[in-house]
A.B. asks: 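To start, I am sharing the structure in question, which I have written as structure tokens.
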Number of protein chains: 2
Amino acid sequence: MTAIESQRGRLSRQSIARSAADIIGSDGLGAFSLRSLAKTLGVDPAAIYRHYENLDDLLRDVADLALAPVTEKFVTSADPLDDVRRLLLRLRHVLLSSGVARLNVSGPSRHSNELQITEVMLTSFAKLGLSSKDAVMAYHVLIEFTVGSASLDAPLASSPADRRDTYKRWRTDYKTVDAETYPAIAAHASRLYPSSERVFATGLDALLNQLLVRSHSDD
Amino acid sequence: MTAIESQRGRLSRQSIARSAADIIGSDGLGAFSLRSLAKTLGVDPAAIYRHYENLDDLLRDVADLALAPVTEKFVTSADPLDDVRRLLLRLRHVLLSSGVARLNVSGPSRHSNELQITEVMLTSFAKLGLSSKDAVMAYHVLIEFTVGSASLDAPLASSPADRRDTYKRWRTDYKTVDAETYPAIAAHASRLYPSSERVFATGLDALLNQLLVRSHSDD
DNA sequence: ACCTGAACACCGTTCAAGT
DNA sequence: ACCTGAACACCGTTCAAGT
């Protein structure tokens with residue numbers, strides 16, 4: 001109910017990043033821009049440049065902010081492999097539900113939530129007896145798979161029902177391909193495009209399984 | 001040497017898509033826009049809309065055009081698993097070198113080059129004795145890993161030397177994290193960020209290995 | 001010190017007009 | 001039928017000006 005009395009000191013990196021994360025979380029990445037953010041904040045677009053160098057700089061903060069729920073209240077168990085599994089399933093879910101999956105932040109942000117995820121994974125691998133070399137490699141492979149596949153699945157993240165419909169449409173599209181030129185596709189058409197959750201879970205388990213095998217030979 | 005004599009009939013879906021792929025291939029995705037493409041073609045931006053419904057429609061063609069080298073002169077061997085391995089290494093390389101890795105084309109284009117890749121993979125899995133269900137799942141997992149990780153590695157694709165420098169910088173950055181809060185990261189700092197090629201190769205081999213294991217139990 | 005306002009150099013897309 | 005030109009509703013970013 002209080003009217004805006006002063007335009008000074010209202011902004012901070014925190015309040016800007018949080019507002020940006022809110023816009024992306026509720027209306028999607030497509031609804032976000034520096035200008036739409038400024039409008040939401042009731043501020044001139046240029047004002048943001050007093051707090052952030054540029055859009056990339058801001059998005060790095062937004063991405064890390066969105067990752068907070070991944071390690072929040074995460075309790076490690078006696079099974080380090082299951083810990084990693086649960087953590088990465090959480091990571092995928094958070095990336096998709098927060099709307100930041102498609103955010104083009106290149107390279108590690110090295111902010112707290114990202115570092116926390118890295119720390120949990122590397123600790124788990126150490127518990128599993130992996131060498132430093134294997135642990136680091138496992139970390140990168142699993143992160144690339146999780147973040148990469150979340151990024152590919154993100155555009156379909158609108159609603160579960162919409163997603164199923166999209167997949168269904170793609171499957172029927174595959175049925176129309178020429179069976180002479182593409183016999184294998186024609187034969188598998190009805191099975192193509194299972195739910196992306198099942199694809200991810202299958203790939204994740206395959207990778208985790210193989211990490212166990214690797215830990216035997218290298219110890 | 002012939003001057004432009006007529007503005008009519010100079011455009012086609014083929015010539016537009018090819019020109020777009022050329023721009024992206026030589027100057028990168030950042031240099032491409034509908035307007036920059038129109039300028040290269042010596043045409044008004046609006047002219048493109050006579051041939052393509054919108055940008056997404058055009059990019060679908062561009063993406064498939066870029067995939068041509070993947071199956072070109074690809075010869076299958078007596079080892080179907082190695083065929084898949086070679087195909088996906090090619091796919092990654094083409095995605096990165098053509099500049100289209102970051103192209104946000106959601107869903108399958110169902111154009112010829114994409115279908116060709118799908119056909120080779122599904123055929124190889126059949127040769128390996130995988131069930132239809134397992135073959136389709138393997139296909140999706142491997143494509144998500146390959147396309148997803150290429151997408152994440154793309155921004156670093158400038159030059160191999162630049163890439164190494166970037167990784168080196170990141171590794172030294174990790175050495176500055178607080179060793180009390182992040183002991184595992186501190187312990188592994190010097191090893192973090194191995195070459196993305198090695199990460200991909202490791203993940204790919206892990207997944208392919210696991211596919212063999214799976215094919216035993218489900219036959 | 002922090003925000004505003006205007007400007008710059010861009011976008012994708014639409015639509016009436018030309019040929 | 002195909003392309004042009006102008007317009008619309010946007011972008012991120014810079015910089016002088018206000019308070």
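Just so we're on the same page: letters track the sequence lines, and every chain starts at 1.
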A.B. asks: Whole angstrom is fine here: how far is it from OH in Tyr49(A) over to P in dC2(C)?
C.D. replies: 18 Å
A.B. asks: Rounded off to whole Å, could you give me the CG-to-P distance for the Leu11(A) and dC3(C) pair?
C.D. replies: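 Atom-to-atom, Leu11(A) to dC3(C), this comes out as 4 Å.
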A.B. asks: Measure the spacing between CD1 of Ile23(A) and CG of Leu29(A) and express it to the nearest 0.5 Å.
C.D. replies: 11.0 Å
A.B. asks: Between Leu95(B) and Leu103(B), does a side-chain contact (heavy atoms from CB on, under 4.5 Å) hold up when you go through it step by step?
C.D. replies: CA-CA 9 Å; Leu95(B) 285 171; Leu103(B) 228 52; over 6 Å; no
A.B. asks: Whole Å only: how far is the CG atom of Asp44(B) from the P atom of dC11(C)?
C.D. replies: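 Going from CG in Asp44(B) over to P in dC11(C) covers 13 Å.
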A.B. asks: Looking at Asp153(B) and Arg92(B), is there a salt bridge between them, counting it only when a charged N and a carboxylate O are closer than 4.0 Å?
C.D. replies: yes
A.B. asks: From the list dT13(C), dC15(D), dT4(D), which nucleotide is the closest neighbour of the side chain of Ala46(A)?
C.D. replies: dC15(D)
A.B. asks: If I take atom CG from residue Asp57(B) and atom CZ from residue Arg60(B), how far apart are they, to the nearest 0.5 angstrom?
C.D. replies: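 One gets 7.5 Å once the value is rounded to the nearest 0.5 Å.
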A.B. asks: Tell me: CD1 of Ile48(B) to P of dC11(C), nearest whole Å?
C.D. replies: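 Those two atoms, CD1 and P, are 12 Å apart.
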A.B. asks: Nearest whole angstrom, please: distance from the P of dT4(D) to the NZ of Lys39(B).
C.D. replies: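 Taking atom P of dT4(D) as the reference, NZ of Lys39(B) is at 14 Å.
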A.B. asks: Would you say the side chain of Tyr139(A) lies within less than 4.5 Å of the side chain of Leu192(B), judging by non-hydrogen atoms?
C.D. replies: yes
A.B. asks: Aromatic ring centroids of Tyr193(A) and His140(B) under 6.0 Å?
C.D. replies: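 Ring centres of His140(B) and Tyr193(A) closer than 6.0 Å.
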A.B. asks: Kindly assign one of parallel, tilted or perpendicular to the pair Phe145(A) and Phe145(B), based on the angle between their ring planes and the thresholds 30° and 60°.
C.D. replies: tilted
A.B. asks: Which pair of heavy atoms, one from Gly203(B) and one from Leu207(A), lies closest together, and at what distance?
C.D. replies: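 Of all heavy-atom pairs spanning Gly203(B) and Leu207(A), the closest is O-CD2, 3.9 Å.
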A.B. asks: Which residues in residues 25-37 of chain B have a heavy atom closer than 4.0 Å to any atom of DNA chain C?
C.D. replies: Ser33(B), Leu34(B), Arg35(B)
A.B. asks: Is there a donor-acceptor pair under 3.5 Å between the side chain of Arg90(B) and the backbone N or O of Glu72(B)?
C.D. replies: yes
A.B. asks: Please check: side-chain N/O of Arg13(A) versus main-chain N/O of His51(A), any donor-acceptor pairing under 3.5 Å?
C.D. replies: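 Looks like yes, one N/O pair under 3.5 Å.
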A.B. asks: Please list every stem that involves DNA chain C, where a stem is a run of 3 or more consecutive Watson-Crick or G-U wobble pairs with both pairing distances under 3.5 Å.
C.D. replies: C:4-8 with D:12-16, C:12-16 with D:4-8
A.B. asks: Which ones in residues 51-61 of chain A lie close to DNA chain D, meaning a heavy atom under 4.0 Å from one of its atoms?
C.D. replies: Asn54(A), Leu55(A)
A.B. asks: Are Ser196(A) and Arg163(A) packed together at the side-chain level, in the sense that at least one heavy-atom pair is separated by less than 4.5 angstrom?
C.D. replies: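 Side-chain contact under 4.5 Å: yes.
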A.B. asks: Roughly, in whole Å, what's the span from CD1 in Ile16(A) to P in dG12(D)?
C.D. replies: 14 Å
